[in-house]
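Source: prediction; values computed, not measured.
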Amino acid sequence: MNTSNSTDTKSPGKAPGGIDERIMEFARQMGEGNPFWTCELSHLGKRTTVSHALSRLVRAEKLFRLMRGLYVLPKMSKLFGKVSALPKAIMKAISRLTEEVFEVSPERALSALRLTTQNQMALVCCTTGRSRVLRFDKGQPIYLKSAPRKKAIAPIMGSMAGAAAIALLYLGPKEVDEDIMKTIKENMEPEDFDRLVSVAPKMPLWLADILLHNKFRA
């Protein structure tokens with residue numbers, strides 16, 4: 001029979017070792033290279049307590065600060081040592097906070113669809129949010145541009161269908177011809193092309209006509 005009257009003072013679900021260890025446990029659960037926001041740590045303690053703990057962990061190089069309010073448990077690379085988050089992971093974290101949807105830039109969309117061989121050096125993404133520049137403590141900035149017809153293409157953004165829509169809108173009616181439509185279709189899965197056609201009624205008339213009435217379609 002257990003005769004002890006002692007009470008376990010640990011809060012359910014909290015890792016031992018104080019606020020620093022609880023934050024590190026959260027970061028490990030997120031995974032290396034997957035950023036998280038300060039506001040996602042509100043269940044671990046008061047805001048000032050969490051902020052001070054994050055500063056200590058950054059100074060100790062256990063976490064990296066990417067930008068205001070955004071932190072990451074770095075990945076370990078045999079060649080480069082501690083590596084920060086990739087742009088795709090950063091975009092995913094921003095989407096959790098703002099509910100934005102992202103797509104590649106028009107230039108990268110053209111490249112993905114084999115419509116150009118030029119490579120874009122700057123990190124540029126289209127967004128359903130506002131245009132702005134994300135600047136980081138380390139690494140290149142990410143340029144966010146408000147997507148054309150963003151309400152229409154938001155449901156297909158983040159896919160080859162979204163990239164194709166971005167590319168077509170960028171090229172415009174004077175540039176889109178039969179050869180371009182054939183190239184686009186050849187470099188997409190049939191289901192992605194069908195998704196592109198599904199948003200045609202919300203597109204400009206010239207593009208809706210091409211997609212809905214089989215004009216230029218192979």
Checking Lys145 against Val124 for the side chain to side chain contact (heavy atoms under 4.5 Å, CB included) test, could you report, in this order, the C-alpha distance in whole Å, the side-chain angles of both residues, the deciding distance, and whether it holds?
CA-CA 7 Å; Lys145 293 184 177 181; Val124 184; 4.0 Å; yes
Given salt bridge (Lys or Arg N to Asp or Glu O under 4.0 Å), test Glu186 with Arg114 step by step and report yes or no.
CA-CA 9 Å; Glu186 288 170 358; Arg114 310 292 175 85; over 6 Å; no
Any residue meeting salt bridge (Lys or Arg N to Asp or Glu O under 4.0 Å) with Arg132, in chain and number order, not counting sequence neighbours
Glu100
What's the verdict on side chain to side chain contact (heavy atoms under 4.5 Å, CB included) for Met91 and Ile142, showing C-alpha distance, side-chain angles and the deciding distance?
CA-CA 9 Å; Met91 294 294 96; Ile142 297 178; 3.7 Å; yes
For the side-chain contact (heavy atoms from CB on, under 4.5 Å) test, which of Leu168, Ile166, Leu171 pairs with Leu110?
Leu171
Taking the side chain from Ser55 and the backbone from Ser51, do they hold a donor-acceptor pair closer than 3.5 Å?
yes
Among Asp209, Leu211, Ile210, find the residue that satisfies the side-chain contact (heavy atoms from CB on, under 4.5 Å) test when tested with His213.
Asp209
Do the side chain of Lys82 and the main chain of Phe64 share a donor and acceptor less than 3.5 angstrom apart?
no
Looking only at non-hydrogen atoms, find the nearest pair between Pro141 and Leu123 and report the distance.
O-CB, 3.7 Å
Short N-O contact, Glu25 and Arg28, less than 4.0 angstrom
yes
Ser198 side chain to Arg195 main-chain N or O, any donor-acceptor pair under 3.5 Å?
yes
Tell me whether Ser131 contacts the main-chain N or O of Ser146 through its side chain, where contact means a donor paired with an acceptor under 3.5 Å.
yes
Mutual orientation of the aromatic rings belonging to Phe26 and Phe36 [parallel < 30°, tilted 30-60°, perpendicular > 60°]
perpendicular
Of all residues at least two apart in sequence or in a different chain, which pass the side-chain contact (heavy atoms from CB on, under 4.5 Å) check with Leu97?
Trp37, Cys39
